[in-house]
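Let me begin by presenting the structure, written as structure tokens, before commenting on it.
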Amino acid sequence: MKFSHTFTPRKLGGATYEYACGKKTARLDFISDSAVRVALYDSAKPLSNTYNIDPLCTLSREGRERLSLDGFSLCEAEFGDNTFNLPCGVKIKLDLNNFLLSYYSGEELLFSDRAPIAYNLEREFGSGSFHFVSRQGGERIYGVGDKGGALDKSGRAFRIETTDCMGYNAETSDPLYKHIPFYICENSVGAYGIFYDTSCTSYLDFGKEIDNYYEPYKYFKTEDEALVYYLFFGTKAEILRQFNLLCGAQILPPKWSFDYCASTMAYTDSDNCSAEFDGFLNKLDKTGLSCSGFYLSSGYTSIGKGRYVFNWNTDKFPSPEGFVDKFNKNGIHIIPNIKPAFLLDHPMYSELAERGLFVKNPDGTPYVTQFWDGGGSYLDFTNNEAFDFWKEQVKIKLLDIGMDATWNDNNEFDIKDPDALCSNGERACNLRPTLTYLMVLASYEAQREKYSNLRPFLSSRSGGAGVRRLAQTWSGDNRTAFEDLRYCHNIGLTMSLSGMSFYGHDLGGFTGDMPSRELLLRWLQHGVFEPRFTVHSWNRDGSATMPWSYDDIMDGVTALFNERKSLIDYYYSTAYFCCETGEPFNAPPLLYYDDAELKGDNNSMLVGKKLLVSFVFDEGENEVEVFLPRGEVWYLGDRSYDGGQSVKLSINPTDAVPYFVKGGSVIKTGDEFVVYPIKSGTFEDGYFTDDGKTYDYKNGECALLHFTVKCTDTTVEVEYKNTKNIKLTPLFKICDADNRKLVIK
């Protein structure tokens with residue numbers, strides 16, 4: 001009977017429990033002491049593989065069986081009377097009628113499936129899969145990929161789908177570029193996280209919908225016929241770490257990628273490319289600004305006004321090898337733009353169509369859809385021949401002439417027609433983030449095969465949760481506006497809360513007019529503190545936004561670039577620990593602290609867990625108020641502050657940005673390790689460095705320092721040891737705000 005389905009046990013015990021009701025199978029897998037996987041599916045239909053989950057970082061082009069247990073620290077939960085007790089302290093109660101699960105922290109209800117029915121068991125809610133869960137008043141929601149607006153997503157609804165949304169409104173536009181149905185919910189009892197493992201178009205409603213017949217709820221809907229989701233318990237930070245490691249650890253980026261990496265559409269779109277790029281190199285030399293990368297926009301592939309991936313426009317670039325060599329000699333890595341769609345008049349289109357390498361119509365002909373400059377077809381990366389073709393082209397056209405990085409762009413795979421098919425027989429519309437992942441993986445494999453011991457650098461605009469393993473990302477084609485500066489701050493932190501630790505923005509704004517002096521400086525101030533530090537533009541008048549766009553603010557620009565340079569050692573070390581632990585690079589303070597003052601939006605963010613920085617987002621304003629989280633001592637210059645108070649700072653647009661350092665930190669700045677003590681007691685910290693580019697650190701060819709710092713009323717005693725092979729003798733100093741005697745052991 002609809003709305004009432006009784007499940008019966010089929011397998012009980014160990015880490016897996018299975019139940020059945022007709023053709024429906026419900027399965028619980030206790031994948032760790034504080035995480036569980038729930039699956040509801042038709043036992044007669046095979047489940048598609050996942051490209052989101054990869055705890056062992058196999059990076060397989062075939063993906064992973066969706067219900068695989070490989071790589072999990074399985075837990076045998078204490079079980080009795082349809083109740084499961086997890087070692088983390090969470091108790092799960094199961095009602096076999098409609099398979100309803102309730103989750104308790106101690107004796108308090110943390111959340112539950114919505115009664116009397118939470119799933120689409122017999123099409124009670126139409127097509128697709130649904131999951132309805134309880135909604136508590138005042139709960140807060142964080143995550144969901146690159147969603148705009150406020151950090152707290154409660155009360156809103158989102159479409160989980162990838163879209164090429166140039167010029168989007170950073171407050172209101174939806175969807176954007178990422179497909180990550182993961183969120184962290186915090187309520188009066190505690191926190192939990194949910195990740196829905198699917199690549200199909202989906203929807204998340206956090207309370208926008210209300211139905212009189214049910215208690216307050218939020219829900220997930222997907223076009224996927226099966227429902228597989230993961231639940232995580234603990235603090236917000238613990239939940240995020242679990243999710244990140246479930247999806248697979250990130251590659252440690254090469255150190256050069258933390259330096260400034262320039263870009264613009266204007267240079268490659270210009271008919272006078274050579275002069276533009278020579279002028280760029282001359283400007284770098286004249287200004288002394290540090291730059292280690294250049295994102296090469298797609299104009300280098302142009303034929304007329306069209307973009308033709310892997311085609312070099314030799315009128316603009318008579319010698320691609322010479323162009324790349326010139327930049328390499330200046331210490332600048334070229335990061336070329338590549339797109340996965342081929343226009344109908346692409347010189348290679350007919351050959352690829354004959355080989356069957358495109359996404360297809362049911363009759364086997366290439367599926368044609370709108371792309372940048374007209375009709376085109378997407379390469380089908382589920383086809384091994386197409387995957388290998390892409391790898392070969394990346395090698396021959398890009399890597400073999402001296403490049404060592406790729407910019408995987410316009411890879412949202414905008415296919416919504418259910419008749420468009422991939423080589424594995426699945427609908428392309430259900431595999432869009434999977435196709436993105438496979439495109440990036442093909443580029444990654446090409447780079448690894450060409451440079452076997454170099455850690456590859458890739459950037460991808462789109463993707464699902466699995467892309468975090470392979471590539472950096474950014475917030476896409478934002479607008480030149482103060483409003484977008486404010487809300488891109490939130491988009492970046494939301495990506496951090498969704499597993500995308502290495503991210504950034506097109507500083508200054510991508511589309512619109514040339515930013516004003518003030519807006520450009522405010523964007524640069526923000527970018528100094530994120531992993532990706534890049535100005536990129538496609539201005540309406542054809543101009544290029546550059547750090548030197550205004551001569552009269554160059555002193556301020558130089559101060560910001562110097563501030564970035566002084567922090568790169570800290571950033572690189574922080575990135576290493578992020579990759580090892582699953583912690584984010586940037587985070588809103590609310591991830592680690594429960595102060596009521598941090599619950600809403602604010603202008604602050606943490607860099608690692610040691611630096612706290614705030615920004616000015618409003619035109620004509622110079623003051624910002626910074627709330628310092630409780631339980632810490634915070635240092636700023638020659639002053640220290642107890643947490644639990646707000647401090648007003650005046651930050652002019654031309655200023656280097658002041659930042660607070662948490663007591664209990666050792667930060668490398670320049671040639672010195674600066675010790676920021678606590679008032680009393682002992683703390684520990686660490687530092688990593690290596691050659692900045694190879695995998696040799698995995699064999700011990702690095703320096704990994706461990707600091708133990710004991711603080712008394714009169715002394716700060718530092719003991720350190722290096723557990724790896726590269727010798728490093730640190731020079732220590734105590735911060736300017738502390739006058740205790742520094743003792744090195």
Requested in this report: Please check if atom CZ in Arg156 has more than 12 non-hydrogen atoms from other residues, nucleotides or ligands closer than 6.0 Å.
Outcome: yes

Query - Side chain proximity check, Leu591 to Ser496, heavy atoms < 4.5 angstrom - result: no

Query raised in the report: Ignoring hydrogens and geometry, is there a side-chain-to-backbone donor-acceptor pair from His526 to Leu485 under 3.5 Å?
Result: no

Query raised in the report: Can you name the side chain to side chain donor-acceptor pair (under 3.5 Å) partners of Asp541, sequence neighbours left out?
Result: Ser543

Report task. Check salt bridge (charged side-chain N to carboxylate O under 4.0 Å, His left out) between Glu412 and all other residues, then give those that pass, not counting sequence neighbours. Result -> Arg461

**Report entry** Flag for Ser498-Lys178: side-chain donor and acceptor within less than 3.5 Å
**Finding:** no

Requested in this report: Would you please classify the geometry between the His489 ring and the Phe617 ring as parallel, tilted or perpendicular, with 30° and 60° separating the classes?
Outcome: tilted

Query raised in the report: Looking at residues at least two apart in the chain, or sitting in another chain, which of them share a salt bridge (charged side-chain N to carboxylate O under 4.0 Å, His left out) with Arg468?
Result: none

Query raised in the report: With distance as the sole test, does Ser263 use its side chain to make a donor-acceptor pair with the main-chain N or O of Tyr295 at under 3.5 Å?
Result: yes

**Report entry** Side-chain touch Thr494/Val144, heavy atoms, less than 4.5 angstrom
**Finding:** no

Query raised in the report: Side chain of Ser173, backbone of Tyr168: donor and acceptor closer than 3.5 Å?
Result: no

Query raised in the report: What pairs with Tyr437 under side-chain contact (heavy atoms from CB on, under 4.5 Å), at least two apart in sequence or on another chain?
Result: Tyr51, Leu59, Leu441, Val467, Arg469, Leu470

Query raised in the report: side-chain contact (heavy atoms from CB on, under 4.5 Å) with Asp269: which residues, sequence neighbours excluded?
Result: Met265, Arg307, Trp538

Report summary line: Sequence neighbours excluded, the answer for ring-ring contact (aromatic ring centres under 6.0 Å, His included) partners of Phe502 is none

Query - Side-chain donor/acceptor of Asn328 to backbone N/O of Gly402, under 3.5 Å - result: yes

Requested in this report: For the pair Ser475 and His505, evaluate side chain to side chain donor-acceptor pair (under 3.5 Å) and give the outcome as yes or no after the intermediate values.
Outcome: CA-CA 5 Å; Ser475 58; His505 308 284; 2.7 Å; yes

Query raised in the report: If you count the non-hydrogen atoms of other residues, nucleotides and ligands that lie under 6.0 Å from CG in Asp271, is the total more than 12?
Result: no

Query raised in the report: Gln472 and Ser257: side chain to side chain donor-acceptor pair (under 3.5 Å), yes or no, with the steps?
Result: CA-CA 10 Å; Gln472 180 204 67; Ser257 68; 5.5 Å; no

Report summary line: ring pair (Phe, Tyr, Trp, His ring centres under 6.0 Å) with Tyr378: of Tyr367, Phe358, Phe413, only one passes, and it is Phe413

Query - Spacing of CG belonging to Asn603 relative to OG belonging to Ser614, to within rounding of 0.5 Å - result: 6.0 Å

Query - Qualifying residues under salt bridge (charged side-chain N to carboxylate O under 4.0 Å, His left out), relative to Asp152, sequence neighbours excluded - result: none

Query - Minimal non-hydrogen separation, Asp601 against Leu151, with atom names - result: OD1-N, 3.0 Å

Query - Option passing side-chain contact (heavy atoms from CB on, under 4.5 Å) with Leu296 (candidates Leu398, Thr268, Thr301, Thr264) - result: Thr268

Report task. Apply salt bridge (charged side-chain N to carboxylate O under 4.0 Å, His left out) to Glu483 and list each qualifying residue two or more places apart in sequence or on a separate chain. Result -> Arg479

Report task. State, with a plain yes or no, whether a side-chain heavy atom of Tyr503 is found less than 4.5 Å away from one of Phe585. Result -> no

Query raised in the report: What's the spacing between Cys165 SG and Leu176 CG if we round to 0.5 Å?
Result: 4.5 Å

**Report entry** Rounded distance (nearest 0.5 Å) linking atom CZ of Phe258 with atom CD1 of Ile568
**Finding:** 9.0 Å

Query raised in the report: Just by distance, with hydrogens left out, do Asp259 and Ser290 show a side-chain donor and acceptor under 3.5 Å apart?
Result: yes

Requested in this report: Please examine the side chains of Asn586 and Pro531, heavy atoms only from C-beta on, and report whether any two atoms are closer than 4.5 Å.
Outcome: yes

Report task. To the nearest 0.5 Å, tell me how far Trp390 CH2 sits from Ser443 OG. Result -> 5.5 Å

Query raised in the report: Do Arg432 and Asp414 come within less than 4.5 Å of each other through their side chains, counting heavy atoms only?
Result: yes

Query - His346: side-chain contact (heavy atoms from CB on, under 4.5 Å) partners, not counting sequence neighbours - result: Tyr308, Val309, Phe342, Met348, Tyr349

Report task. Measure the spacing between CD1 of Ile338 and CG of Asn411 and express it to the nearest 0.5 Å. Result -> 9.0 Å

Query raised in the report: Heavy-atom count around Lys208 NZ within 6.0 Å, excluding the residue itself: above 12?
Result: no

Report summary line: Sorted by chain and number, sequence neighbours left out, ring-ring contact (aromatic ring centres under 6.0 Å, His included) with Phe323 holds for Phe277, Phe317, Phe327

Report task. Look only at the side chain of Thr534 and the backbone of Asp506, and say whether a donor-acceptor pair between them is shorter than 3.5 Å. Result -> no

Query raised in the report: Looking only at heavy atoms, what is the nearest atom pair of Pro658 and Val613, with distance?
Result: O-CG2, 4.0 Å

Query raised in the report: Within a strict 4.5 Å, meaning less than it, do heavy atoms of the Glu171 and Arg486 side chains meet?
Result: no

Report task. Could you label the plane-to-plane angle of the Phe280 and Trp548 rings as parallel, tilted or perpendicular, counting under 30° as parallel and over 60° as perpendicular? Result -> tilted

Query raised in the report: Is there a donor-acceptor pair under 3.5 Å between the side chain of Ser270 and the backbone N or O of Ala266?
Result: no

Query raised in the report: To the nearest 0.5 Å, how far apart are CD1 in Ile141 and OG in Ser154?
Result: 6.5 Å

Query raised in the report: Taking the side chain as C-beta and beyond, is there a heavy-atom pair between Leu611 and Thr574 under 4.5 Å?
Result: no

Query - Pair Asp174 + Arg159: basic N to acidic O under 4.0 Å - result: no

Query raised in the report: Would a distance-only check, ignoring hydrogens and angles, find a side-chain to backbone donor-acceptor pair under 3.5 Å from Asp655 to Asn652?
Result: yes

**Report entry** salt_bridge(Arg427, Asp417) N-O dist < 4.0 Å
**Finding:** no

**Report entry** Main-chain N/O of Ser298 paired to Lys339 side chain as donor or acceptor, under 3.5 Å
**Finding:** no

Requested in this report: Kindly say whether Thr473 contributes a backbone atom to a donor-acceptor pair with the side chain of Ser460 at under 3.5 angstrom?
Outcome: no

Report summary line: In short, Tyr487 meets Gly149 closest at the heavy-atom pair CD2-O, 3.5 Å

Query raised in the report: So do Val607 and Tyr659 actually touch side chain to side chain, heavy atoms under 4.5 Å?
Result: no

Query raised in the report: By ring-ring contact (aromatic ring centres under 6.0 Å, His included), which residues pair with Tyr300, not counting sequence neighbours?
Result: Trp312

Requested in this report: For atom NZ of Lys395, decide whether the heavy atoms of other residues, nucleotides or ligands shown that lie under 6.0 angstrom number more than 12.
Outcome: yes

Report task. Using atom types as modelled and distance alone, determine if a side-chain donor or acceptor of Arg517 lies under 3.5 Å from a backbone N or O of Pro653. Result -> no

Query - Which residues share a ring-ring contact (aromatic ring centres under 6.0 Å, His included) with Phe561, sequence neighbours left out - result: Tyr260, Phe533

Requested in this report: On the 0 to 90° scale, with breaks at 30° and 60°, tag the Phe510-His536 ring pair as parallel, tilted or perpendicular.
Outcome: tilted

